[in-house]
Amino acid sequence: MKKILLFIVFSLPLLVCAQDYEYKKFEFDNSTFEVTKDLALESEITLLLSTQIEYIPETTDSKEILSHYSKKYINSEEAIERNNKIYIPFYNGVKILDIQLRITHKNGKITFLDEKSIKTEQNTQTGMEYNYFPVEGLEIGSIIDFRYVLIGSAEITGKIFLMQNENYIKKRTIELIYPNFLKFVSRSYNGAPELVENKDKYKDKISLYAESTNISGLDDDERYANWYKNVKYIHTRFYSNNYSATADPYGEKEFTARIHANLHRDLDKNEQKSLLAFSKTIKKTTDAFTQIRAIESSVKNNIQFNKYITNNTLTDIIKSKQGTLSNLALLYINLFKTYEIPYEIVFTSNPYQYPFDPEFVSYVSLTNLLFYFPTTKTYLDPSNMYTRTPAIEIAYHNQYALFIQNKIYAGVQMGVSDFKKIDLPYFYSKDIADIHIDLSHLETPLVSSHIEFTGDMAYTSQAYLYFSSPQERETLEKEFYENYNTKTEFISATIKNIDIESIGINPLIVDTKYNATNLLKKAGTNFIFEIGAVIGKQMEFYSDKTRKLPIQVNSARSYKRTLTVKIPQGYQIKNLKDLDMTFYLDQENKELAYFTITYKLKDNTLTIENLEGYNFVELPITYWNQYRKVINAAADFNKLSLILEKSN
């Protein structure tokens with residue numbers, strides 16, 4: 001989603017001292033391994049995964065040495081294919097101190113690869129170059145030892161260490177090493193071990209160490225789930241320096257002070273002039289919501305988000321028509337002041353990368369910036385060109401964040417912060433379908449549908465279609481229509497409200513009319529009509545695979561489908577009882593999740609009303625089977641057919 005903010009300068013003033021670096025003591029693990037019965041089905045087995053970070057004090061730019069070591073047992077053909085290239089992580093400003101790869105073949109032969117063996121390939125789409133070790137001769141039973149050591153600027157403001165991944169890990173270790181006049185703090189999640197401090201392991205250094213063994217893999221392939229929220233991990237950050245008077249310099253209080261000062265600096269005369277000229281292009285209105293939309297549209301229509309640009313002033317931003325996240329935030333804040341719009345700055349993280357914990361915050365938690373408007377109770381995402389307030393990425397809903405208000409005390413602007421949950425008014429999405437099925441002439445059955453989408457079900461498609469090329473849009477629209485009938489002959493089909501200014505305001509409307517001969521089949525003297533197909537393809541969960549993760553959805557949503565069927569003269573519906581479908585996730589709370597069908601038959605017209613809804617963000621895994629039944633009810637209805645038989 002967003003990129004880490006670059007307008008806070010990180011520094012860690014330390015003392016220079018001689019170091020005997022611990023990475024130099026490395027030796028390959030030479031222990032043997034045989035696959036046990038309980039691990040026989042594992043694709044690959046991580047025998048050892050070790051991460052060691054040593055912080056090196058310098059007078060100006062402090063360094064860190066990252067030592068990575070993995071030992072992996074190949075246990076399938078898929079693992080052979082997956083590991084025939086071992087990619088090497090290279091970053092700007094980072095140097096390799098040591099890198100080597102050892103392959104122990106099944107027959108005991110050992111192959112070593114070093115820096116001279118590294119090859120380069122280029123991604124033809126992005127132009128990015130990747131470095132890798134080419135691994136040859138792998139077979140089931142081979143073992144790969146991969147070791148690299150990198151040195152670069154110290155990242156002390158926050159790190160996440162995964163103690164679990166998708167494959168079984170026999171042993172996982174984490175170690176932070178730093179001078180004894182520093183202090184780091186950490187927090188462990190989802191059963192990950194605590195980092196334990198040891199002041200005696202190294203001379204004049206402290207070791208923070210955690211070890212875990214026999215860690216089951218956690219698959220990241222389940223729908224309606226957040227893997228990162230449930231995987232075992234450890235969050236760390238720097239806390240204090242005995243030689244500095246400031247405690248916790250990278251905690252939320254110091255962050256608030258720094259970020260507020262940077263974003264509320266005084267503008268120079270040229271910046272003031274540029275801001276005035278830009279603001280004159282924005283229509284002034286007395287309605288706060290309309291004014292916010294006008295400001296956002298003007299900025300997003302004229303200035304592009306570019307994380308690589310090096311603009312320093314508002315004048316540069318407006319002239320070049322592009323800016324970083326910090327540039328955009330500075331522009332928005334000054335426009336909000338110009339138009340007297342009360343606002344709060346909101347910092348949070350991508351919940352599908354780093355779930356936000358208000359009791360342990362680091363800069364890793366504060367990478368994404370939003371604006372909150374207390375007068376309208378809506379949010380704005382400055383770097384997402386595809387949204388307009390109140391619509392922002394729905395994944396933020398119910399996520400904790402740091403809210404910073406701009407307060408003035410004795411004429412001085414100050415930032416006052418608090419932790420709150422993000423509550424999106426756009427959270428609830430609706431799909432309202434009115435579908436008419438005319439079977440009065442069996443040789444030419446007709447279906448006319450009018451569907452309105454709101455919430456994230458609308459804005460994601462509106463933005464996608466709006467920003468597509470004419471050729472792409474034509475293809476996307478065709479796929480959209482065919483979702484409701486893959487083999488149909490459309491008489492007419494239109495999608496309305498796909499302009500960017502409709503996002504968050506107007507529903508996405510899809511109107512179709514088509515000949516449904518492919519849905520009607522003759523069976524002797526009877527006819528069979530695939531009534532469920534007209535509601536479109538549905539998600540289904542029929543696998544017996546054991547669920548491991550709790551249920552999490554991005555948005556609550558509801559569906560109201562009204563189907564009107566005109567029955568041909570001389571026919572009646574034989575299997576009306578098949579429409580008796582009622583499913584609730586929780587009988588005591590029927591609004592939590594439900595799928596119901598009611599119907600009435602009058603003269604030769606059958607009216608079916610189908611209601612489906614999901615009114616929650618998270619549910620424990622104990623609800624999975626019930627939840628699956630509700631989901632599958634829609635899939636079952638999608639496959640339902642009505643039998644038309646001759647009347648007596």
Side-chain angles (χ1 to χ4, degrees), residues 1-2 4-5 8 157-158 160 187 189 226 228-229 235 237 248 250-264 288-289 292 296 325-326 328-329 332-333 336-337 341-384 387 389-409 413-429 455-456 504 550 552-556 615-619:
M1 293 182 195
K2 302 307 149 303
I4 191 165
L5 300 177
I8 294 182
T157 58
I160 297 288
R187 190 161 193 172
Y189 297 86
N226 186 341
Y228 279 96
K229 192 172 184 178
H235 191 171
R237 67 176 170 87
D248 200 11
Y250 302 109
E252 61 271 15
K253 291 182 180 179
E254 290 294 328
F255 176 87
T256 297
R258 287 193 191 101
I259 203 75
H260 185 272
N262 277 299
L263 292 177
H264 294 84
F289 178 77
I292 294 165
E296 182 182 20
L325 180 55
S326 59
L328 294 173
Y332 273 110
I333 285 171
F336 297 150
K337 289 181 179 179
I341 300 292
Y343 64 91
E344 295 178 23
I345 311 170
V346 181
F347 284 94
T348 188
S349 58
N350 179 345
Y352 287 90
Q353 291 179 348
Y354 306 112
F356 193 104
D357 179 2
E359 296 182 3
F360 192 92
V361 176
S362 79
Y363 283 15
V364 169
S365 313
L366 304 167
T367 53
N368 295 17
L369 184 153
L370 308 169
F371 288 107
Y372 172 68
F373 306 102
T375 54
T376 60
K377 294 182 171 54
T378 59
Y379 292 81
L380 183 155
D381 188 338
S383 63
N384 190 332
T387 60
T389 186
I392 66 171
E393 289 189 34
I394 208 72
Y396 287 122
H397 180 75
N398 212 44
Q399 165 93 333
Y400 270 104
L402 182 70
F403 286 69
I404 302 175
Q405 298 181 49
N406 182 40
K407 298 288 187 180
I408 299 178
Y409 295 99
Q413 289 189 98
M414 297 180 62
V416 178
S417 61
D418 188 19
F419 292 114
K420 294 184 287 187
K421 277 191 174 183
I422 296 173
D423 183 15
L424 299 181
Y426 216 63
F427 170 63
Y428 203 95
S429 298
D456 74 302
Q552 180 169 325
V553 298
N554 283 338
S555 74
N615 301 315
F616 61 86
V617 178
E618 296 179 67
L619 283 175

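- Put simply, CD on Glu254 and CG on Asp248 are 8.0 Å apart, with the number rounded to the nearest 0.5 Å.
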With side-chain hydrogen bond (donor to acceptor under 3.5 Å, both in side chains) as the test, would you mind laying out the steps for Asn350 and Tyr396 before giving the verdict? CA-CA 7 Å; Asn350 179 345; Tyr396 287 122; over 6 Å; no
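- To the nearest 0.5 Å, atom OG of residue Ser326 and atom CD1 of residue Ile259 are 8.0 Å apart.
- When all heavy atoms are compared, the tightest approach of Leu328 to Ser383 is CD1-CA, 4.2 Å.
- Side-chain contact between Ile160 and Tyr228 is absent, with no heavy atoms from C-beta onward closer than 4.5 Å.
- Between the side chains of His397 and Asn554, no donor N or O sits under 3.5 Å from an acceptor N or O.
- Taking the six-membered ring wherever Trp is involved, the centroid distance between the rings of Phe255 and Phe347 falls below 6.0 Å.
- Tyr352 has its side chain out of reach of Lys229: every pair of non-hydrogen atoms, C-beta onward, lies at least 4.5 Å apart.
- Contact record, Pro374 with Pro342: CD-O, 3.6 Å, taken as the closest heavy-atom pair.
- A centroid separation of 6.0 Å or more is found between the aromatic rings of Tyr379 and Phe371.
- Ile292 CD1 to Ile341 CD1: the interatomic distance, rounded to the nearest 0.5 Å, is 5.0 Å.
- Checked by atom type, the side-chain pair Glu296/Thr387 shows no donor-acceptor distance below 3.5 Å.
- Taking CD1 of Ile345 as the reference point, atom CG of Leu263 lies at 5.0 Å (rounded to 0.5 Å).
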side-chain contact (heavy atoms from CB on, under 4.5 Å), that's the test. Do Tyr409 and Val416 meet it? Break it down for me. CA-CA 11 Å; Tyr409 295 99; Val416 178; 4.1 Å; yes
Q.
I'd like to know whether Phe356 forms a side-chain contact (heavy atoms from CB on, under 4.5 Å) with Leu366, so could you lay out the CA-CA distance, the side-chain angles of the two residues, the decisive distance to 0.1 Å, and finally the verdict.
A. CA-CA 8 Å; Phe356 193 104; Leu366 304 167; 3.8 Å; yes
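- Tyr189 is linked by a side chain to side chain donor-acceptor pair (under 3.5 Å) to Asp357, counting only residues two or more places apart in sequence or in another chain.
- Using a 4.5 Å cut-off on side-chain heavy atoms (C-beta onward), Ile422 and Thr348 make contact.
- Here CD of Gln399 is found 13.0 Å from CD1 of Ile394. Values are rounded to the nearest 0.5 Å.
- Within the 4.5 Å cutoff, no side-chain heavy atoms of Pro550 are placed close to those of Leu619.
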Go through it in stages, so that I can follow the logic: the residues are Tyr250 and Tyr363, the test is ring-ring contact (aromatic ring centres under 6.0 Å, His included), and I'd like the CA-CA distance, side-chain angles, deciding distance and then a yes or no.
CA-CA 7 Å; Tyr250 302 109; Tyr363 283 15; 5.7 Å; yes
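- Closest approach of Pro351 to Ala395, counting heavy atoms only: CG-O, 3.3 Å.
- If you check the side chains of Ser555 and Asp456, you find a donor sitting under 3.5 Å from an acceptor.
- Scanning all heavy atoms of the two residues, the minimum distance from Pro355 to Ser349 falls at C-OG, 4.0 Å.
- Between the side chain of Thr256 and the backbone N or O of Glu252, at least one donor-acceptor pair lies under 3.5 Å.
- Side-chain atoms of Phe419 and Glu359, non-hydrogen and from C-beta on, never get closer than 4.5 Å to each other.
- The structure places CG of Leu424 at 10.0 Å from OG1 of Thr378, a figure rounded to the nearest 0.5 Å.
- Listed by chain and number, the residues in a ring pair (Phe, Tyr, Trp, His ring centres under 6.0 Å) with Tyr354 amount to none (sequence neighbours excluded).
- Side chain of Asn406 to backbone of Gln413: no donor-acceptor contact under 3.5 angstrom is found.
- Checked against the 6.0 Å centroid criterion, the rings of Tyr343 and Phe336 qualify as a close aromatic pair.
- At least one donor-acceptor pair under 3.5 Å links the side chain of His264 to the backbone N or O of His260.
- Taking the side chain as every heavy atom from C-beta outward, Asn384 and Ile392 never approach each other to under 4.5 Å.
- Glu618 is not listed as a side-chain neighbour of Phe616, based on a closest heavy-atom distance of 4.5 Å or more.
- The closest side-chain heavy-atom distance from Lys420 to Glu344 is below 4.5 Å.
- Enclosure of atom NZ in Lys337 by more than 12 non-hydrogen atoms of other residues, nucleotides or ligands within 6.0 angstrom is indicated.
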Note to self: Go through it in stages, so that I can follow the logic: the residues are Ser362 and His235, the test is side-chain contact (heavy atoms from CB on, under 4.5 Å), and I'd like the CA-CA distance, side-chain angles, deciding distance and then a yes or no.
What the structure shows: CA-CA 8 Å; Ser362 79; His235 191 171; 2.7 Å; yes
